[in-house]
Structure formats: structure tokens, C-alpha cells
Amino acid sequence: MPADLGVMMYTVYDQARADLEGTLARLAGLGYKGIETYGLVEHFGPKRVRSAIDAAGLVLTSAHAPFPAGRAGEAVLDQHEELGAEVLVWSMEREEFATPGAIRRGAERVNEAAERAAARGMQIAYHNHFAEFSQVFDGRSAYDLLLDELDSRVLVELDVYWAVLGGADAAEVISRLGERVHFVHIKDGPATSFEEDTMVPIGEGRIDWARTLTVPSGIRWHIVELERLRVDTFEALRRSRDHLVSRGLSRATQRETRA
């Protein structure tokens, strides 16, 4: 069954900082059903962001926010509890995948965050980049070693593009994750460089979305994230929506389709 279609707000971060309510209304007008926040809570405060999401008729899929561990953990939870976020999503740093020991130490921080989030009725999800897949130890990817160490309550947000850049077969990864993967980040392009790739609308790059998004899994949301574009951002979002919805891969709302 197709998953609902959302936007990662990093895609329209500058636009949202200039006009939060207008940007969210425009995303809703394109047929997107939800958003994952990025940087907006810190800029506008949770109350205004929540109000703007509701006014646009959107769903808060998740919040991209630092793992609530260590001294700042409770402040992160306070802020996102007020936002009404049910899932907080973040990543480990590239250097934390240099050795199996580093992976274990990083996982301890994620697990602490999961424990503290659970006390608030919230969950943590792990978002990958490419090092999780490009680093291999005794035939096993750093990603698999990480999953072994993570608390079973930690959900997965798989960034398909960065997984492919790291050498993974994203469809196979999603299939193995099963019900643990609730979100996928959807971006497209050449998948050759983490720092330099220019993204393109979904369906116009390297990723085989029809295969990747149809394997059985627990995915609830397809979250489009585009950056370093050479076309207008909203036009790229419109074309991405058209590709995913017309092929029956994602669900959008029946709204005005003009960008």
C-alpha cells in the first residue's frame, strides 16, 4: 500500500524562515500531507510552528532534532513535547563509524535518548547518511553493527539516497528492516558525492523508486528532501509529487496541483 507523502523542511528552510505560514500552505496546496520539521522550532518556537502546521491542514510526521541525551536532553524534549512531536529523528556523526568500538559508544547515546524520550511518551528514530554503509567490518556494514546495538524501541528513518551512495541496495535494506522502518527520506540525483551532488526532482535521477518503495515494510511516510537544486524548489516538489503519486507509490491529497 502506498505511504503518505511529506516534505522534510530542510528542503524549504529559507522559504519557511521568511514566511512560515505561507510556505506550509504552499506545500499543502501541492498535495503534500505532512512535514518533518528542521530548524523551525528553534527559530519560531514550538507554539507558532504547531499552529502553522495545523492551520495548513498538515500532519507533523516527525521532528529532526538532536538526540535528547546528555545535559541538553531534557530541554530538547520539553521543546518538542510542546510542539506535539511523537518521533524525534537524528544521526550519528561520520567519525562515529570509524571502528566497531566507536559505533557502540555512539549507540549508547542513542539508547539514552530513547529511554528519556519513552518517559515522555515519545520515540527516537535513527537517520543514516552514507558512512553507515560504506564502512564494513569483517563483512558486515557499520549500519548492521549499529542496529545490533540500538534499543529495539529506536525506529528507523532510512535515507535511501545516502544509503545508495554508501553502496547499499536500499530495497534490500528496507526489506530486512521490516516493521522497524517507519519513514524514508526520498531524494534523487547522481548519488556520487555527499558534498557535491546536485539533486533533481524525484524520478529524474539514479534511484529506482518503483523497486525501492514497493518491498514489504512498516513505512508510514515518504518524506521528500531536496537540496542544491538547479530548478525552482516548489517546481521540483511538484514534479516529485507527480512522479510518486502517478505511479501509485505515494499518497497525496487532492489539492491544487500548480506550484
Side-chain angles (χ1 to χ4, degrees), residues 6-15 36-39 62-67 88-107 109-110 124-137 139-147 149-150 154-174 176-177 181 183-209 211-213 219 221-231 233 236-237 239-240 243-244:
V7 176
M8 205 297 197
M9 291 301 291
Y10 185 75
T11 304
V12 289
Y13 180 63
D14 291 338
Q15 295 92 331
E36 179 175 287
T37 58
Y38 174 89
S62 42
H64 211 72
F67 293 127
L88 304 184
V89 188
W90 202 246
S91 309
M92 285 164 48
E93 300 299 325
R94 190 183 308 182
E95 57 269 21
E96 293 182 281
F97 295 97
T99 67
I103 294 170
R104 285 191 294 272
R105 290 189 293 274
R109 187 173 80 260
V110 184
I124 298 299
Y126 184 82
H127 174 279
N128 64 281
H129 291 105
F130 72 93
E132 292 90 330
F133 298 97
S134 62
Q135 291 287 85
V136 177
F137 304 95
R140 299 191 72 210
S141 72
Y143 194 65
D144 285 340
L145 297 182
L146 174 65
L147 292 175
E149 299 292 335
L150 290 181
V154 178
L155 303 175
V156 167
E157 178 177 83
L158 186 76
D159 190 304
V160 170
Y161 190 85
W162 297 137
V164 169
L165 179 65
D169 178 336
E172 186 274 332
V173 174
I174 290 171
R176 284 194 292 113
L177 287 167
V181 56
F183 315 93
V184 288
H185 268 195
I186 298 181
K187 54 170 68 79
D188 216 338
T192 56
S193 170
F194 184 75
E195 289 82 8
E196 298 179 6
D197 276 4
T198 297
M199 304 304 169
V200 299
I202 305 306
E204 300 177 23
R206 173 182 169 185
I207 309 301
D208 181 352
W209 294 108
R211 175 172 176 267
T212 301
L213 298 179
I219 295 171
W221 285 96
H222 295 160
I223 301 176
V224 176
E225 181 184 27
L226 299 172
E227 54 201 89
R228 297 194 292 268
L229 291 161
R230 289 190 179 136
V231 299
T233 300
L237 287 169
R239 282 153 60 178
S240 297
H243 179 85
L244 293 164

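Because the structure is a prediction, the values reported are computed rather than measured.
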For residues [X] and [Y], report the shortest heavy-atom separation together with the two atoms involved.
{"X": "G205", "Y": "V200", "answer": "N-CG2, 3.6 Å"}
{"X": "P201", "Y": "S240", "answer": "CA-OG, 3.5 Å"}
{"X": "D208", "Y": "R211", "answer": "OD1-N, 3.2 Å"}
{"X": "T99", "Y": "R105", "answer": "OG1-NH2, 4.5 Å"}
{"X": "T212", "Y": "I207", "answer": "OG1-CG2, 4.3 Å"}

Would you give the length of the straight line joining atom [atom1] of [X] to atom [atom2] of [Y], rounded to the nearest 0.5 angstrom?
{"X": "L165", "Y": "T192", "atom1": "CG", "atom2": "OG1", "answer": "7.0 Å"}
{"X": "H222", "Y": "L213", "atom1": "NE2", "atom2": "CG", "answer": "4.5 Å"}
{"X": "E36", "Y": "W221", "atom1": "CD", "atom2": "CH2", "answer": "11.0 Å"}

State, with a plain yes or no, whether a side-chain heavy atom of [X] is found less than 4.5 Å away from one of [Y].
{"X": "E157", "Y": "S62", "result": "yes"}
{"X": "N128", "Y": "Y126", "result": "yes"}
{"X": "V12", "Y": "L237", "result": "yes"}
{"X": "I186", "Y": "V160", "result": "no"}
{"X": "I219", "Y": "L158", "result": "no"}
{"X": "L147", "Y": "V156", "result": "yes"}

- Residue pairs fulfilling salt bridge (Lys or Arg N to Asp or Glu O under 4.0 Å) with at least one residue in residues 124-135, sequence neighbours excluded: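 Listed once each, the pairs would be none.
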Would you please name every residue forming a ring-ring contact (aromatic ring centres under 6.0 Å, His included) with [X], sequence neighbours left out?
{"X": "Y161", "value": "none"}
{"X": "H127", "value": "H64, H129, H185"}
{"X": "Y143", "value": "F133"}

Set of side chain to side chain contact (heavy atoms under 4.5 Å, CB included) partners for [X], sequence neighbours left out:
{"X": "S134", "result": "F130, A131"}
{"X": "P100", "result": "R104, F137, L145"}
{"X": "Y13", "result": "R17, Y38, L40"}
{"X": "R109", "result": "F67, A69, M92, E96"}

- What do the steps show when you test D159 against K187 for salt bridge (Lys or Arg N to Asp or Glu O under 4.0 Å), and what is the final call? CA-CA 8 Å; D159 190 304; K187 54 170 68 79; 2.5 Å; yes
The criterion is side-chain hydrogen bond (donor to acceptor under 3.5 Å, both in side chains); which residues satisfy it with [X], sequence neighbours excluded?
{"X": "E204", "answer": "R239"}
{"X": "R94", "answer": "E195"}
{"X": "D188", "answer": "W209"}
{"X": "T37", "answer": "none"}

- Query: Under the 3.5 angstrom rule, does the side chain of E225 hit a backbone N or O of M8 as a donor-acceptor pair?
  - Reply: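 Flag not set: sc E225 to bb M8 has no pair under 3.5 Å.
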- Salt-bridge test for D169 and R176: reply yes if a basic N is under 4.0 Å from a carboxylate O, no otherwise.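 Looking at D169 and R176, the cut-off is not met.
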- Flag if over 12 foreign heavy atoms under 6.0 Å of CD, E196: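 Result for CD/E196: open.
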